[in-house]
Amino acid sequence: MTTVLVTGGTGALGRQVAAQLRERGADVRILSRRAGGEPGRVQGDLNTGAGLAEAVAGVDVIVHCASASDWRRSERDVIQTRNLLSAVGRARPHIVYISIVGVDRIRFPLYRGKVDTERLIAASGLPWTVLRATQFHELILLFAMLLSKGPVALTLRGFSFQPVDVGEVADRMVDLALGEPAGRVPDLGGPRVESMADLMRQYLTAARRRKPVVRLPLFGKGAADFRAGHNLLGPGADRGKRTFADYLRDHAAADGTIAAPYELRGRFQRYPRASARPATARKRFQQRPSRKRSAR
Ligand SMILES: NC(=O)c1ccc[n+]([C@@H]2O[C@H](COP(=O)([O-])OP(=O)(O)OC[C@H]3O[C@@H](n4cnc5c(N)ncnc54)[C@H](OP(=O)(O)O)[C@@H]3O)[C@@H](O)[C@H]2O)c1
């Protein structure tokens with residue numbers, strides 16, 4: 001039986017990777033900073049290195065889905081991965097890492113950290129595989145929720161995305177984890193390229209909300225790289241099947257309620273001071289139609 005450690009196994013991607021690995025007969029450990037009741041959970045912290053030696057002991061494969069995702073401190077992912085690799089010591093597990101399409105072409109601090117992390121893994125001397133994926137539907141939904149809280153819904157002029165279903169990314173990660181080390185493999189993204197404004201409109205329709213969609217200009221090198229489409233799939237990439245519209249259909253209740261896909265911690269602390277009250281943060285971001293509209 002293959003023993004697999006999934007870092008970030010409590011996150012949007014890692015949860016599905018861990019579940020699918022179990023279905024396919026692997027012995028799965030999940031690394032988390034939080035102790036938990038679920039079977040196989042190992043407590044550890046990639047920032048400090050605490051608990052990592054126990055977490056990696058005897059594993060055949062590490063699926064590395066954890067990320068600090070802190071766009072203000074892009075070096076955090078590199079530090080976390082360095083700590084993970086040093087905990088491995090002389091063992092030689094296959095490390096499978098998830099990165100983001102366009103990280104080497106988009107001048108954005110968080111992406112610089114991802115490129116440095118890819119390089120660290122490739123230079124580690126361990127057998128490795130790296131998959132780059134486009135934005136998950138969950139992230140697009142979160143952007144739409146955050147940017148439509150005011151009287152108008154804000155989008156960025158010239159920005160398009162090719163969002164992918166996280167379950168399809170998990171499928172691929174599991175195939176890679178149970179296969180031979182393959183280095184950098186073809187990128188994976190969603191079936192459609194859609195403008196940010198179109199994605200916002202789809203969200204507003206699913207959430208039964210009506211407000212004008214405004215396209216704002218964004219300046220800077222990173223924004224220019226997004227407008228040039230470097231976050232989209234290029235030739236030779238693989239396309240998933242499920243669209244953002246499919247995702248919304250499955251996640252919106254009949255009254256338009258859609259649960260926030262991420263807890264508002266870490267990277268989103270700049271938005272309402274959710275970090276101070278994590279228990280309520282999720283609730284505050286659940287979007288509901290106004291009473292007036294739902295009464296119609
Ligand atoms: N979201 C996207 O659109 C997208 C697209 C392409 C690639 N990716 C990449 O896919 C990966 C997963 O993304 P996601 O959206 O699934 O992430 P997520 O839901 O935000 O989950 C992040 C995970 O990282 C873990 N983590 C963070 N800091 C940690 C620490 N110090 N020690 C141990 N664990 C830590 C968290 O575990 P605990 O909180 O339980 O400790 C959590 O499970 C990331 O590398 C991301 O860059 C994401």
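In what follows, every heavy atom counts, from backbone to side chain, and hydrogens, waters and symmetry copies are set aside.
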Hydrophobic cluster membership, Val214 vs Met196, 4.5 Å side-chain cutoff: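 Yes.
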How long is the span from the [atom1] atom in [X] to the [atom2] atom in [Y], to the nearest 0.5 Å?
X: Tyr111; Y: Ser74; atom1: OH; atom2: OG; result: 12.5 Å
X: Asp27; Y: Leu5; atom1: CG; atom2: CG; result: 10.5 Å
X: Arg192; Y: Ser160; atom1: CZ; atom2: OG; result: 13.5 Å
X: Lys211; Y: Lys149; atom1: NZ; atom2: NZ; result: 8.5 Å
X: Met145; Y: Tyr262; atom1: CE; atom2: OH; result: 12.5 Å

Under 4.5 Å between any side-chain heavy atoms of [X] and [Y], yes or no?
X: Ile30; Y: Val42; value: no
X: Pro163; Y: Leu139; value: no
X: Gln135; Y: Val164; value: no

Candidate list Arg172, Arg242, Arg239, test salt bridge (Lys or Arg N to Asp or Glu O under 4.0 Å), partner Asp165, passing option: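 Option passing the salt bridge (Lys or Arg N to Asp or Glu O under 4.0 Å) with Asp165: Arg242.
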Set of residues satisfying side-chain hydrogen bond (donor to acceptor under 3.5 Å, both in side chains) with respect to [X], sequence neighbours excluded:
X: Thr134; result: none
X: Glu138; result: none
X: Thr129; result: His94

Determine, stepwise, if the pair Gln202 / Glu194 fulfils side-chain hydrogen bond (donor to acceptor under 3.5 Å, both in side chains). CA-CA 10 Å; Gln202 291 176 44; Glu194 296 176 274; 2.7 Å; yes
Is the count of non-hydrogen atoms from other residues, nucleotides or ligands lying under 6.0 Å from Arg107 atom CZ greater than 12?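 Counting neighbours around CZ of Arg107, more than 12 heavy atoms of other residues, nucleotides or ligands fall under 6.0 Å, so yes.
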Give a yes or no on this: more than 12 heavy atoms of other residues, nucleotides or ligands lie within 6.0 Å of atom CD of Glu38.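 Above 12, so yes.
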Heavy-atom closest pair (Pro191 atom, Gly240 atom, distance to 0.1 Å) is CB-O, 3.3 Å
Regarding [X] and [Y], do their side chains bring together a donor and an acceptor under 3.5 Å, going by distance alone?
X: Gln43; Y: Glu54; answer: no
X: Thr117; Y: Asp77; answer: no
X: Asn83; Y: Ser86; answer: no
X: Arg209; Y: Tyr203; answer: yes

Heavy-atom donor-acceptor pair, Arg29 side chain to Ala55 backbone, under 3.5 Å: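 Side chain of Arg29 to backbone of Ala55, a donor-acceptor pair under 3.5 Å: yes, one is there.
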Do side-chain atoms of Arg157 reach the backbone of Leu216 as a donor and acceptor pair under 3.5 angstrom?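 No.
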Relative to the ring of Phe159, is the ring of Phe161 parallel (under 30°), tilted (30 to 60°) or perpendicular (over 60°)?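 Answer is tilted, since the angle falls between 30° and 60°.
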Asp104 and side-chain hydrogen bond (donor to acceptor under 3.5 Å, both in side chains): which single residue from Lys114, Arg119, His230, Arg132 fits?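 Passing option: Arg132.
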Leu131 and side-chain contact (heavy atoms from CB on, under 4.5 Å): which single residue from Asp187, Val96, Asp175, Val169 fits? Val169
